[in-house]
Number of protein chains: 2
Amino acid sequence: MTATAPRTPTKAQLLELVAALGTAQWQDFAAAASRHGLTSVQAKLLAQLKGPVPMRKLATLLVCDASNVTGIVDRLEARGLVRREPDPADRRVKNVVATDEGHETIRRVRAEMQATHSALDALDEEERTTLYGLLERLRPGMEHRG
Amino acid sequence: MTATAPRTPTKAQLLELVAALGTAQWQDFAAAASRHGLTSVQAKLLAQLKGPVPMRKLATLLVCDASNVTGIVDRLEARGLVRREPDPADRRVKNVVATDEGHETIRRVRAEMQATHSALDALDEEERTTLYGLLERLRPGMEHRG
DNA sequence: CATTGATGCTTGAGATCGTCAAGCAACTCG
DNA sequence: CGAGTTGCTTGACGATCTCAAGCATCAATG
């Protein structure tokens, strides 16, 4: 133990740091979205639309009530960023699809997350690989509470 | 160099993973807060109160308008979790202080973040140290946009 | 001391977010 | 067909958030 032996952080410290970074990234996202006239929630919904997604599925992904999704999609649709399309297999279902403008907008929001990008740029390839591996190990425990 | 060489993730993949974990942790926090009748924002404000904090400072910490803090503190105060105290040095300022019940409540919320805790438990000491070090390197870039 | 300007907090208006209860349409199964 | 379930919307209501306006206090200046 000479040069490279940082003390082991307590779980509380680690938790606090993870929380701080999560918050910082969310603020970064919210600010980028805001520059395009979107709220964080609207941008988050838009970010789910790689393809057609039923309203119900969106409620699950955003962890909120289905009735809430109705309003958010209403506003996005009014601005021409998404469309509601009938589902050919089930007439109850409405699939939400991002328009070209919608895709372009969320692409820009992601690109403009400067704080996050520059933070990640501080790591070299090996560090990113290590970080990715560790975060992947955290994921299972985090998401089975959906 | 033989067994341990996972492919380097793209920056986009890493970004997505960080976002997913941040969201998961936030949901975990919100759920724990909700069990104590608190909204996420109320709990987040409560979490800042290690000591007396002026309203203005809270607005800065929560990255929102000061008028917003007024309402949040109003509701916390109505439930006996915080108090407003006059600042002896500046009569314009009101310092917000957590009551004993307030401290106890936020302590429990933190303790009940099961998904987050069990996720961190999946790492051994060395991994936690490594993760902490990497996340600390990310921090500077993330927060100088406050 | 009086004036001017800045700062801290609150209030009110208005939009969004979020839940719950209720309702309608459509699907499923017996 | 009939009963129960599911998907979506609506309406009511509270919480969050911003902006503009207002009041009290502080700080600086003449």
Side-chain angles (χ1 to χ4, degrees), chain A residues 23 26-27 29-49 52-79 81-97 146, chain B residues 23 26-49 52-79 81-97:
Chain A
T23 299
W26 179 254
Q27 300 292 351
F29 181 69
S34 171
R35 266 172 248 135
H36 293 271
L38 294 176
T39 66
S40 336
V41 179
Q42 287 167 358
K44 188 157 182 58
L45 191 151
L46 205 46
Q48 313 295 323
L49 303 181
V53 182
M55 300 288 289
R56 187 68 194 79
K57 176 85 175 182
L58 282 174
T60 301
L61 290 171
L62 301 184
V63 195
C64 73
D65 196 273
S67 65
N68 195 14
V69 177
T70 298
I72 300 171
V73 170
D74 279 351
R75 280 160 225 131
L76 285 172
E77 195 170 27
R79 295 189 35 190
L81 301 179
V82 307
R83 264 194 323 271
R84 279 167 162 91
E85 294 183 345
D87 187 301
D90 186 339
R91 280 183 301 170
R92 291 171 300 181
V93 173
K94 290 176 186 169
N95 289 308
V96 183
V97 188
Chain B
T23 300
W26 179 253
Q27 302 291 350
D28 196 23
F29 180 69
S34 171
R35 266 172 249 134
H36 293 272
L38 294 176
T39 65
S40 337
V41 178
Q42 288 167 358
K44 187 157 182 57
L45 191 152
L46 204 46
Q48 312 295 322
L49 303 181
V53 182
M55 300 288 289
R56 187 68 195 77
K57 177 85 174 183
L58 283 173
T60 302
L61 289 171
L62 301 183
V63 195
C64 72
D65 195 274
S67 65
N68 194 16
V69 176
T70 297
I72 300 171
V73 170
D74 280 351
R75 281 161 222 128
L76 286 173
E77 195 170 28
R79 295 190 35 192
L81 301 179
V82 307
R83 264 194 322 272
R84 277 186 239 253
E85 294 184 343
D87 187 300
D90 187 337
R91 279 184 301 170
R92 292 171 301 180
V93 173
K94 289 176 187 169
N95 288 309
V96 184
V97 187

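Letters A, B, ... mirror the listed sequences (proteins, then strands); counts begin at 1.
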Problem set entry | Proximity to the side chain of B/Arg92 - top-ranked nucleotide from C/dA6, C/dT11, C/dC27 | C/dA6
For this session: Would you kindly check whether a donor in the side chain of B/Arg91 faces an acceptor in the base of D/dT25, or vice versa, at under 3.5 angstrom?
Result: no
Exercise. Roughly, in whole Å, what's the span from CD in A/Gln42 to P in D/dT16?
Worked result: 19 Å
Exercise. Should A/Arg84 be listed as having a side-chain N or O under 4.0 Å from OP1 or OP2 of D/dC8?
Worked result: no
For this session: Between B/Asp74 and A/Ile72, just flag the one whose closest nucleotide in DNA chain C comes earlier from the 5' side.
Result: B/Asp74
Problem set entry | Nearest-neighbour nucleotide for the B/Asp65 side chain, D/dT16, D/dC19, C/dC17 considered | D/dC19
For this session: Round to the nearest Å and state the distance from A/Leu46 atom CG to C/dT16 atom C1'.
Result: 17 Å
For this session: Evaluate the side-chain proximity of B/Thr23 to A/Lys44: yes if any heavy-atom separation is below 4.5 Å, no if none is.
Result: yes
For this session: State which of C/dC9, D/dT9, C/dC17 makes the closest approach to the side chain of B/Pro54.
Result: C/dC9
Problem set entry | Protein-nucleotide distance (A/Asp87, atom CG; C/dC27, atom C1'), rounded to Å | 12 Å
For this session: Return the value, rounded to whole Å, for the distance between atom CG of A/Asn68 and atom P of D/dC13.
Result: 18 Å
For this session: Would you classify A/Asp90 as touching base, sugar-phosphate or nothing, given that sugar-phosphate means primed atoms plus P, OP1 and OP2, and contacts are heavy atoms under 4.0 Å?
Result: sugar-phosphate
For this session: Give a yes/no answer on whether the side chain of A/Lys94 brings an N or O atom under 4.0 Å of OP1 or OP2 in D/dT9.
Result: yes
For this session: Could you check how far CG of A/Asn95 sits from C1' of D/dC8, rounded to whole Å?
Result: 12 Å
Seminar exercise, completed: Atom CE of B/Met55 and atom P of D/dC17 are separated, to the nearest Å, by 13 Å
Problem set entry | Closest listed nucleotide, where the reference is the side chain of B/Val93 and the choices are C/dG8, C/dC27, D/dC8 | C/dG8
Problem set entry | Nearest heavy-atom neighbours spanning A/Ala43 and A/Phe29 | CB-CZ, 3.5 Å
Problem set entry | Nearest-Å distance for atom pair CD/P, residues A/Gln27 and D/dT16 | 15 Å
For this session: Using a 4.0 Å heavy-atom cut-off across all strands, classify B/Thr39 as base, sugar-phosphate, or nothing.
Result: sugar-phosphate
Problem set entry | Heavy-atom pair of closest approach, residues B/Cys64 and B/Val69 | SG-CG2, 3.9 Å
Problem set entry | Closest to side chain of A/Ser67, choosing from C/dT10, D/dT9, C/dC17 | D/dT9
Exercise. Considering only heavy atoms from C-beta outward, does the side chain of A/Leu38 approach that of A/Leu81 to under 4.5 Å?
Worked result: yes
For this session: Whole angstrom is fine here: how far is it from CG in B/Leu58 over to C1' in C/dT10?
Result: 15 Å
Exercise. So which nucleotide from D/dT9, C/dG8, C/dC17 ends up closest to the side chain of B/Arg56?
Worked result: C/dG8
For this session: Side-chain contact test, heavy atoms from C-beta onward, threshold under 4.5 Å: evaluate it for A/Lys57 versus A/Gln48 and give yes or no.
Result: no
